[in-house]
A.B. asks: 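Have a look at this one.
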Amino acid sequence: MMITDQQKFQAIISHAKEYGFVFQSSEIYDGLSAVYDYGPWGSELKRNIRDQWWNEMTRMHDNIVGIDAAIFMHPTTWKASGHVDNFSDPMIDNKDSKKRYRVDHLIEGFAEKLVADGKNDEADILIADMDRFLAANDFSGLKGLIERNKIVCSVSGTGNWTDVRQFNLMFSTQLGSVSDEANEIYLRPETAQGIFVNFLNVQKTARMKIPFGIAQVGKAFRNEIVARQFIFRMREFEQMEMQFFIRPGTQKEWYAYWKEERMKWHTGLGLPAENYRFHDHVKLAHYADAAVDIEYAFPIGWKEVEGIHSRTDFDLSSHQQYSGKKLQYFDNEINQNYVPYVIETSIGLDRMFLLSLSYAYTEEKWTKDDGKEDSRVVLKLPAKIAPIKLAILPLVKKDGLPEIARDIMHECRSDFYCFYEEKDTIGKRYRRMDALGTPFCITIDHQTKEDQTVTIRYRDTMMQERIALAKVRELVKEKIK
RNA sequence: GCGGGAGUAGCUCAGCUGGUAGAGCGAUAGCCUUCCAAGCUAUAGGUCGCGGGUUCGAACCUCGUCUCCCGCUCCA
């Protein structure tokens with residue numbers, strides 16, 4: 001029986017809670033909108049995904065190094081990056097058409113109409129008033145301006161407006177303990193800027209030569225107007241970003257290179273290529289000269305999981321201008337100083353987590369040999385990222401079997417995450433491990449005492465075979481490589 | 001932000017025209033000793049999302065609010 005995508009999404013959310021992957025933040029206080037916590041198995045899964053990415057970037061490329069920059073940054077950083085100007089505008093909604101306008105656009109549009117009618121003086125006064133109110137953050141003044149001039153919505157034709165409100169995607173707080181003397185600073189809305197401002201520090205201390213990359217994993221914060229769809233769009237989320245610094249003019253090749261390289265990482269985890277696609281940006285952000293999303297077929301539709309952007313020298317040049325410090329690189333090969341261009345790969349860790357669950361979550365039903373119906377819910381997570389790698393199960397909890405199980409547990413637990421369980425029937429324990437996505441289970445039985453072999457059971461096929469107890473550790477290590 | 005739907009045990013849900021809560025699964029402890037959950041026994045878990053109102057009495061009626069899901073909108 002097929003379940004619909006919508007049902008599957010609901011089932012994943014329930015499963016994530018029931019089995020300790022994801023909880024709503026502050027649940028006992030009714031939760032906090034669009035903020036989530038990761039539970040015991042969720043935090044393992046998330047960590048494993050993070051490690052896969054980090055190791056791929058830093059260990060597998062000798063020209064990429066990592067950093068861990070602070071969440072707080074100098075306020076000017078966000079002026080230079082364009083975040084302050086582009087993402088903190090007073091907005092107003094028309095209650096009839098439900099259309100939302102930037103207040104300055106609305107008033108400027110009306111001023112243009114005045115000019116067209118030959119009322120240049122009125123237009124000039126209007127714009128001057130607007131600028132004064134904008135500078136003073138006087139929202140009621142702005143609304144009064146709209147009302148006095150009887151500015152109407154172009155869709156509904158009415159002047160039925162909400163109050164003017166500030167929409168700022170960045171969270172702010174105060175640095176300094178005395179609030180009226182403190183400076184307003186922001187929680188970073190992206191991790192990239194921590195890399196850009198450290199460009200020269202890293203390049204010089206790690207003796208990097210262009211082309212080279214800087215990788216970073218960390219939290220970012222965006223005060224989304226609408227944040228929804230479980231952990232897909234959260235207000236606090238984790239990014240895995242790599243900024244690759246290159247010689248100007250070579251961005252096309254490197255953009256193509258990273259596009260391919262990043263897709264290889266996804267499929268290399270064992271995720272099916274047919275669930276992925278590229279989606280080119282038509283409208284480019286203020287910093288980019290090319291941009292593409294890697295999209296995945298989530299139960300909620302094709303959605304972006306990763307972005308690859310050609311950011312030109314926008315960020316470094318801008319920081320150079322605002323800071324007054326040169327952010328240049330001397331290229332020995334061509335005997336030239338230049339501000340490097342940048343190719344960015346930026347993947348949402350939480351989205352990758354949701355992607356993994358979306359791929360892995362499977363409900364299976366079949367008829368047993370005796371004609372009875374059987375079923376299971378199994379997370380077919382790639383073994384590399386599964387929270388628990390190996391479950392160690394004594395068939396019965398007597399006759400010395402638990403002791404043997406404890407021994408093998410002791411041997412393996414420093415290499416990978418093991419889970420010991422002696423409660424309930426073996427079938428029930430297998431089901432529980434299926435629900436957590438544990439790829440391998442071994443069962444210690446009476447025969448183990450005689451010939452030192454165990455049954456290993458594979459999650460996806462439910463097949464089992466006998467192997468030497470001494471080989472378990474190496475076998476699992478090999479499979480999770 | 002607007003519109004729609006929902007919120008009762010860890011999960012899925014029942015609860016009649018208002019009379020202070022139930023089931024299945026799950027969990028815990030024990031029995032059984034079994035290679036694919038659903039044998040037996042016992043136990044624990046809910047001020048019915050939260051707050052006001054109506055009423056002798058509210059899970060149920062009403063108002064507000066919070067959270068989640070869907071559509072629109074937004075999305076560096």
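Protein chains get the first letters and strands the later ones, always in sequence-line order, with residue 1 at the start of each. As a basis for the values below, the full set of heavy atoms in this structure was taken, side chains included, without hydrogen atoms, waters or symmetry mates.
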A.B. asks: Quote, to the nearest angstrom, the C1' distance that separates B:A38 from B:G26.
C.D. replies: 11 Å

A.B. asks: A:Glu27 CD to B:C50 P: how many Å, rounded?
C.D. replies: 13 Å

A.B. asks: For A:Phe21 and B:C11, give me the distance from atom CZ to atom C1', rounded to whole Å.
C.D. replies: 15 Å

A.B. asks: Return the value, rounded to whole Å, for the distance between atom CG of A:Asp424 and atom C1' of B:G26.
C.D. replies: 11 Å

A.B. asks: If you check the A:Glu190 side chain, which of B:A38, B:A76, B:C11 turns out closest?
C.D. replies: B:A76

A.B. asks: Can you tell which of B:C36, B:C11, B:C75 lies closest to the side chain of A:Lys17?
C.D. replies: B:C11

A.B. asks: Which residue lies toward the 5' end of RNA chain B, A:Arg376 or A:Glu304, if each is placed at its nearest nucleotide?
C.D. replies: A:Arg376

A.B. asks: Mind checking the C1' distance from B:G22 to B:G15? Whole angstroms is fine.
C.D. replies: 7 Å

A.B. asks: Is there a donor-acceptor contact under 3.5 Å linking the side chains of A:Glu363 and A:Tyr361?
C.D. replies: yes

A.B. asks: Using the P atom as the point on both nucleotides, what is the distance between B:G51 and B:C66, in whole Å?
C.D. replies: 15 Å

A.B. asks: Name the pairing partner of B:G7, where a pair is Watson-Crick or G-U wobble with both distances under 3.5 Å, or state none.
C.D. replies: B:C66

A.B. asks: Using the P atom on both, measure B:C50 against B:A21 and round to a whole Å.
C.D. replies: 15 Å

A.B. asks: Please list, for nucleotides 66-70 of chain B, all pairs of protein and nucleotide N/O atoms separated by less than 3.5 Å.
C.D. replies:
residue: B:U67; atom: O4'; partner: A:Asp30; partner atom: O; Å: 3.2
residue: B:U67; atom: O3'; partner: A:Gln24; partner atom: NE2; Å: 2.9
residue: B:U67; atom: O2'; partner: A:Gln24; partner atom: OE1; Å: 3.4
residue: B:U67; atom: O2'; partner: A:Gln24; partner atom: NE2; Å: 3.0
residue: B:C68; atom: OP1; partner: A:Ala34; partner atom: N; Å: 2.8
residue: B:C68; atom: OP2; partner: A:Ser33; partner atom: OG; Å: 3.3
residue: B:C69; atom: OP1; partner: A:Gln229; partner atom: N; Å: 3.4
residue: B:C69; atom: OP1; partner: A:Phe230; partner atom: N; Å: 2.4
residue: B:C69; atom: O2'; partner: A:Gln10; partner atom: NE2; Å: 2.9
residue: B:C70; atom: N4; partner: A:Arg228; partner atom: NH1; Å: 2.8

A.B. asks: Can you tell me the pairing partner of B:C2 across any strand shown, Watson-Crick or G-U wobble, with both distances under 3.5 angstrom?
C.D. replies: B:G71

A.B. asks: Using the P atom on both, measure B:C11 against B:C16 and round to a whole Å.
C.D. replies: 22 Å

A.B. asks: Parallel, tilted or perpendicular: which describes the rings of A:His281 and A:His279, with under 30° parallel and over 60° perpendicular?
C.D. replies: tilted

A.B. asks: Hey, are A:Glu184 and A:Ser172 close enough side-chain-wise for a donor-acceptor pair under 3.5 Å?
C.D. replies: yes

A.B. asks: Looking at A:Pro394, is its backbone amide N or carbonyl O close enough to the side chain of A:Glu422 to form a donor-acceptor pair, meaning the two atoms are under 3.5 Å apart?
C.D. replies: no

A.B. asks: Between A:Thr312 and A:Asp289, is there a side-chain donor-acceptor contact under 3.5 Å, judged purely by atom types and distance?
C.D. replies: no

A.B. asks: Taking the side chain from A:Arg188 and the backbone from A:Lys219, do they hold a donor-acceptor pair closer than 3.5 Å?
C.D. replies: yes

A.B. asks: With sugar-phosphate meaning primed atoms plus P, OP1 and OP2, does A:Glu373 contact a base, only sugar-phosphate, or nothing at under 4.0 Å between heavy atoms?
C.D. replies: base

A.B. asks: When the distance from CZ of A:Arg432 to P of B:A38 is rounded to whole Å, what number comes out?
C.D. replies: 11 Å

A.B. asks: Taking the C1' atom of each, how far is B:U47 from B:A9, in whole Å?
C.D. replies: 14 Å

A.B. asks: In terms of base orientation, is B:G45 syn or anti, with the syn window spanning 90° either side of 0?
C.D. replies: syn

A.B. asks: What's the CD-C1' distance between A:Glu306 and B:C75, to the nearest Å?
C.D. replies: 18 Å

A.B. asks: If I pick the P atom on B:A42 and the same atom on B:G24, what distance separates them, to the nearest angstrom?
C.D. replies: 13 Å

A.B. asks: Mind checking A:Ser375 for me? I need base, sugar-phosphate or nothing, with any heavy atom below 4.0 Å counting as a touch.
C.D. replies: base

A.B. asks: Taking all heavy atoms of A:Arg466 and all of A:Thr453, pick out the closest pair and write down the distance.
C.D. replies: NE-OG1, 2.7 Å

A.B. asks: Show me the protein contacts with nucleotides 39-44 of chain B, counting only N or O atoms at under 3.5 Å.
C.D. replies:
none

A.B. asks: To the nearest 0.5 angstrom, please state how far the CD atom of A:Glu411 sits from the CD1 atom of A:Ile408.
C.D. replies: 4.0 Å

A.B. asks: Starting at NZ of A:Lys423 and ending at P of B:G26, how long is that distance when rounded to a whole Å?
C.D. replies: 11 Å

A.B. asks: Tell me, please, which residues at least two apart from A:Tyr38 pass side chain to side chain donor-acceptor pair (under 3.5 Å).
C.D. replies: A:Asp350

A.B. asks: So what does A:Asp374 touch, heavy atoms closer than 4.0 Å: a base, only the sugar-phosphate, or nothing?
C.D. replies: base

A.B. asks: Counting only side-chain N and O atoms of A:Lys397, is one of them less than 4.0 Å from OP1 or OP2 of B:U33?
C.D. replies: no

A.B. asks: Restricting to non-hydrogen atoms, name the atom on A:Pro340 and the atom on A:Leu316 that form the minimum distance, rounded to 0.1 Å.
C.D. replies: CD-CD1, 3.7 Å

A.B. asks: Can you find a side chain N or O atom of A:Lys428 that sits less than 4.0 Å from OP1 or OP2 on B:C35?
C.D. replies: no

A.B. asks: Does a distance-only test, which skips hydrogens and angles, find a donor-acceptor pair under 3.5 Å between the side chain of A:Thr455 and the base of B:C35?
C.D. replies: yes

A.B. asks: B:C13 and B:A6: how far apart are their C1' atoms, nearest whole angstrom?
C.D. replies: 13 Å

A.B. asks: Tell me if the side-chain of A:Gln464 makes a donor-acceptor pair with the base of B:C36, cut-off 3.5 Å, by modelled atom types.
C.D. replies: yes

A.B. asks: Under 3.5 Å for both donor-acceptor distances, Watson-Crick or wobble: does B:U28 have a partner, and if so which one?
C.D. replies: B:A42

A.B. asks: My understanding is that only one of A:Glu344, A:Glu306, A:Glu56, A:Glu241 makes a salt bridge (charged side-chain N to carboxylate O under 4.0 Å, His left out) with A:Arg262; could you say which?
C.D. replies: A:Glu306

A.B. asks: Quick one: the side chain of A:Ser81 and the base of B:A76, do they pair up donor-acceptor inside 3.5 Å?
C.D. replies: no

A.B. asks: Is B:A21 paired to anything, Watson-Crick or G-U wobble with both distances less than 3.5 Å, and if yes, which nucleotide?
C.D. replies: none

A.B. asks: Side chain of A:Leu395 only, please: which of B:C35, B:G10, B:G30 is the nearest?
C.D. replies: B:C35

A.B. asks: Can you check the A:Glu18 CD to B:A37 C1' distance for me, whole Å?
C.D. replies: 13 Å

A.B. asks: Using the closest heavy atom to pick a nucleotide of RNA chain B for each, name whichever of A:Asp399 or A:Met463 lands nearer the 5' end.
C.D. replies: A:Asp399

A.B. asks: For the residue pair A:Phe212 and A:Phe199, does the interplanar ring angle fall in the parallel (under 30°), tilted (30 to 60°) or perpendicular (over 60°) class?
C.D. replies: parallel

A.B. asks: Should the side chain of A:Arg222 and the base of B:C75 be counted as holding a donor-acceptor pair, with the cut-off at 3.5 Å?
C.D. replies: no

A.B. asks: Measure from NZ on A:Lys368 to C1' on B:A37 and round the result to the nearest Å.
C.D. replies: 8 Å

A.B. asks: Checking only heavy atoms, does the side chain of A:His83 share a donor-acceptor pair with the base of B:A76 at less than 3.5 Å?
C.D. replies: yes

A.B. asks: Between A:Arg222 and A:Arg233 (side chain of the first, backbone of the second, donor and acceptor by atom type, cut-off under 3.5 Å), is there such a pair?
C.D. replies: no

